[in-house]
Protein chains: 2
Amino acid sequence: MPSIRDVASRAQVAVSTASAALNGTRPVAAATRQRVRQAAEELGYRPNLLARGLQSRRTRILALLFPAPHSGFGLTEMRFATAAAEAASELGYHLLLSPETGDPIEELRHLTGLGLVDGVLLMEVSLDDERVGFLLEAGVPFSMIGRTRKPGPIDHADIDFAATARDAVAHVAGLGHRKLAFFNLSPGTYAAQYGPAIRAGEEFAAAARAAGLAYVDDFRPGSAEEGGQAFERLIEAHPDVTALAVMDDHAAVGVIAAVARRGWRIPRDLTLMLVLSSARVAEMFHPRLTTMEPPSAELGRLGARMLIDRLRGDTPPQARLVPCRLVPGDSSGPPRKGSSEAGGKRKATGGMGS
Amino acid sequence: MPSIRDVASRAQVAVSTASAALNGTRPVAAATRQRVRQAAEELGYRPNLLARGLQSRRTRILALLFPAPHSGFGLTEMRFATAAAEAASELGYHLLLSPETGDPIEELRHLTGLGLVDGVLLMEVSLDDERVGFLLEAGVPFSMIGRTRKPGPIDHADIDFAATARDAVAHVAGLGHRKLAFFNLSPGTYAAQYGPAIRAGEEFAAAARAAGLAYVDDFRPGSAEEGGQAFERLIEAHPDVTALAVMDDHAAVGVIAAVARRGWRIPRDLTLMLVLSSARVAEMFHPRLTTMEPPSAELGRLGARMLIDRLRGDTPPQARLVPCRLVPGDSSGPPRKGSSEAGGKRKATGGMGS
DNA sequence: GTGAAAGCGCTAACAC
DNA sequence: GTGTTAGCGCTTTCAC
């Protein structure tokens with residue numbers, strides 16, 4: 001592998017000139033630059049990243065802190081990672097996939113102490129994430145996919161839960177539904193202060209209220225079995241619910257089974273939608289479920305971009321919220337007949353459904 | 001961030017001694033070593049990977065060449081990546097996630113020319129993968145998850161398709177089925193010489209033959225719609241088929257719908273199994289599908305381990321084949337009545353079902 | 001068993 | 001506009 005000295009001698013210039021010609025760090029005569037470029041080309045020269053990094057204190061390597069898979073399907077997390085890697089790659093950066101196994105802070109301390117990475121991309125940020133404080137204090141540049149309770153001036157890209165909830169509620173309300181139920185993620189996820197669970201919970205409630213829809217969100221099934229049970233209890237307590245939004249894929253499986261057991265059909269008797277699930281997953285269902293699909297790839301891209309922006313210069317902190325995309329499936333329809341106190345008339349008052 | 005000089009001076013030794021004490025590269029008096037260790041500890045010293053790599057020509061960084069997502073569900077690929085990253089991490093290595101976007105060879109040339117990585121982990125290896133020749137020629141250490149047609153002495157970890165097919169066929173035969181159909185991946189995947197498609201195709205045929213099962217594998221549906229059509233044509237042409245193994249998740253969705261349209265039920269009228277799909281995905285179905293689940297995490301781990309073994313010393317080339325795991329679901333059962341020329345008797349001859 | 005010094009390949013002062 | 005030189009932090013001869 002040729003070094004810059006080989007390039008310099010072949011182009012008949014000093015190494016510093018070769019370096020400058022290649023990097024544009026100082027003015028070089030056009031003719032000289034041309035000679036150097038050509039020599040580099042002919043030799044197949046590639047700058048050694050280690051040497052460059054050692055000197056310049058910048059490696060152009062980013063670390064993506066990849067959480068141990070727990071909640072959800074994993075497909076979403078993968079899209080973050082690959083999209084971030086692609087975006088980084090386009091901008092001349094590399095992405096290190098750093099799985100978090102033990103103590104997050106200790107691992108972060110280790111990773112950043114190596115001098116290997118210029119910055120860190122945080123995933124699965126909880127509302128009071130301890131890693132944020134550490135990175136801030138250590139002066140390590142970072143950006144978040146997700147966000148803490150009050151992200152303040154920290155770069156982050158996250159789902160716009162308010163818009164997502166609004167769109168989902170509008171979809172359901174537009175079909176004529178008057179009462180919506182929402183199954184959040186499992187209590188464990190909730191207890192871990194997992195942002196999406198908490199924010200989606202709040203925003204769906206607010207959006208339903210704003211739209212004048214009656215609303216139930218007492219259930220947090222984390223498995224197919226719990227999903228089925230939750231649905232049965234839901235219908236028992238609220239027989240007038242005609243639409244249901246579910247966060248957990250597996251819970252949705254249970255709901256669908258319970259719906260069938262009851263002799264109901266989707267969407268005739270229940271409008272069912274998945275929230276924060278990949279359309280890829282929604283296609284596995286029968287009927288294909290309407291989904292609020294998270295903009296995973298875009299968040300990954302944005303996370304990488306804003307981190308690189310930060311590394312490059314003094315951009316102001318960026319906060320980007322991107323709503324989920326409504327992917328209509330075959331599980332959405334008008335409310336079933338006889339679901340409310342009155343029988344037929346839909347789109348009636350717009351007032352509070354009791 | 002303290003350097004080794006800080007450690008050396010605090011421990012009152014020369015830099016070289018400090019280095020030796022920390023790395024064990026040459027004998028150091030126990031007392032001295034202790035002093036150095038303690039100094040390092042007190043200072044929170046972390047060796048700079050760049051400096052070390054520049055000198056030693058070894059960075060302890062591995063690159064995982066991550067293919068642009070095309071076939072399959074992606075969940076499997078993600079498990080490779082995370083498992084490989086975890087295994088690498090446990091062995092003191094880092095994993096770079098390198099998405100392949102443009103010309104694979106050009107990108108490989110670039111990546112390996114940077115001096116950043118010690119070795120490369122190849123995913124989605126096709127039967128005649130061009131990257132292999134390049135890496136061999138360039139002398140870059142690598143291992144494969146998957147394998148070429150004749151991997152020869154190249155380290156690789158792959159699915160044991162023969163054992164997988166044998167187990168799947170045994171499962172079906174054990175339930176009394178006499179005729180099995182197999183839906184392979186889409187023709188495009190096949191044409192791309194995607195190993196799993198071709199090997200699974202061959203091995204299922206061989207296993208069925210060996211088990212004395214009649215066998216049909218004329219279909220390669222790549223979507224739900226094609227899956228449904230394929231199923232209809234299959235039953236028309238082969239009304240005595242009672243068991244079906246499907247490679248493509250989406251095709252399975254279509255099959256299930258077509259089964260229902262026909263008034264059939266699973267598993268009463270058809271035993272359906274998914275091949276090479278995560279159990280996570282199989283749970284999304286109704287009923288929960290029996291699956292031959294690929295050992296993704298183990299393959300990722302093995303791939304990383306064998307690459308690191310190669311980097312560390314002169315181990316002989318390793319070839320590890322791991323079978324898929326049969327995860328029984330609710331989609332397996334005895335063959336439906338009236339499916340063969342004779343009516344009732346199952347487990348009869350064991351001879352060739354015509 | 002320990003220390004001094006060279007140098008990995010590059011960038012960035014600093015002279016000219 | 002270009003060349004010379006001094007390191008970045010580490011490992012590794014080579015003396016002692």
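Proteins come first, then strands; the chains are lettered A, B, ... in the order of their sequence lines, and each starts at number 1. Since the model is a prediction, treat every value here as computed from it, not as a measurement.
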Within the structure, does a side-chain N or O atom of [X] lie under 4.0 Å from either OP1 or OP2 of [N]?
{"X": "B:Thr25", "N": "D:dT11", "value": "no"}
{"X": "A:Asn23", "N": "C:dT11", "value": "yes"}
{"X": "B:Ser19", "N": "D:dC10", "value": "no"}
{"X": "A:Thr32", "N": "D:dT2", "value": "yes"}

Compare every heavy atom of B:Gly119 with every heavy atom of B:Leu307, then report the nearest pair and how far apart it is. CD2-C, 3.9 Å
Please find the pair of heavy atoms, one from B:Asp158 and one from B:Arg147, that lie closest to each other, and give the distance.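 For B:Asp158 and B:Arg147, the tightest heavy-atom pair comes out as OD2-NH1, 2.8 Å.
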In whole angstrom, what separates [X]'s [atom1] from [N]'s [atom2]?
{"X": "B:Arg5", "N": "C:dA6", "atom1": "CZ", "atom2": "P", "value": "14 Å"}
{"X": "A:Asp6", "N": "C:dC10", "atom1": "CG", "atom2": "C1'", "value": "13 Å"}
{"X": "B:Gln55", "N": "C:dC10", "atom1": "CD", "atom2": "C1'", "value": "14 Å"}
{"X": "B:Arg26", "N": "C:dG1", "atom1": "CZ", "atom2": "P", "value": "10 Å"}
{"X": "A:Ile4", "N": "C:dG7", "atom1": "CD1", "atom2": "P", "value": "19 Å"}
{"X": "B:Arg52", "N": "C:dG7", "atom1": "CZ", "atom2": "C1'", "value": "17 Å"}
{"X": "B:Leu49", "N": "D:dC10", "atom1": "CG", "atom2": "P", "value": "10 Å"}
{"X": "A:Arg33", "N": "D:dT2", "atom1": "CZ", "atom2": "C1'", "value": "14 Å"}

Does a side-chain N-to-carboxylate-O contact under 4.0 Å join B:Glu106 and B:Arg109?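 Salt bridge flag = yes for B:Arg109 with B:Glu106.
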Check every strand shown and say whether A:Val13 touches a base, only sugar-phosphate, or nothing at a heavy-atom separation below 4.0 Å. sugar-phosphate
When all nucleic acid strands are considered with a 4.0 Å heavy-atom cut-off, which category describes B:Arg57: base, sugar-phosphate, or nothing? sugar-phosphate
Heavy-atom count around B:Arg149 CZ within 6.0 Å, excluding the residue itself: above 12?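 Counting other residues, nucleotides and ligands, CZ of B:Arg149 exceeds 12 neighbours.
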Closer to the 5' end of DNA chain D via nearest nucleotide, is it A:Ala30 or B:Ser16? A:Ala30
Which residue pairs satisfy the side-chain hydrogen bond (donor to acceptor under 3.5 Å, both in side chains) criterion with at least one member in residues 35-44 of chain A, sequence neighbours excluded?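 Every pair satisfying side-chain hydrogen bond (donor to acceptor under 3.5 Å, both in side chains) with a residue in residues 35-44 of chain A: A:Arg10-A:Glu42, A:Gln38-A:Glu42.
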Using the closest heavy atom to pick a nucleotide of DNA chain C for each, name whichever of A:Ala51 or B:Gln12 lands nearer the 5' end.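 Nearer the 5' end of the strand: B:Gln12.
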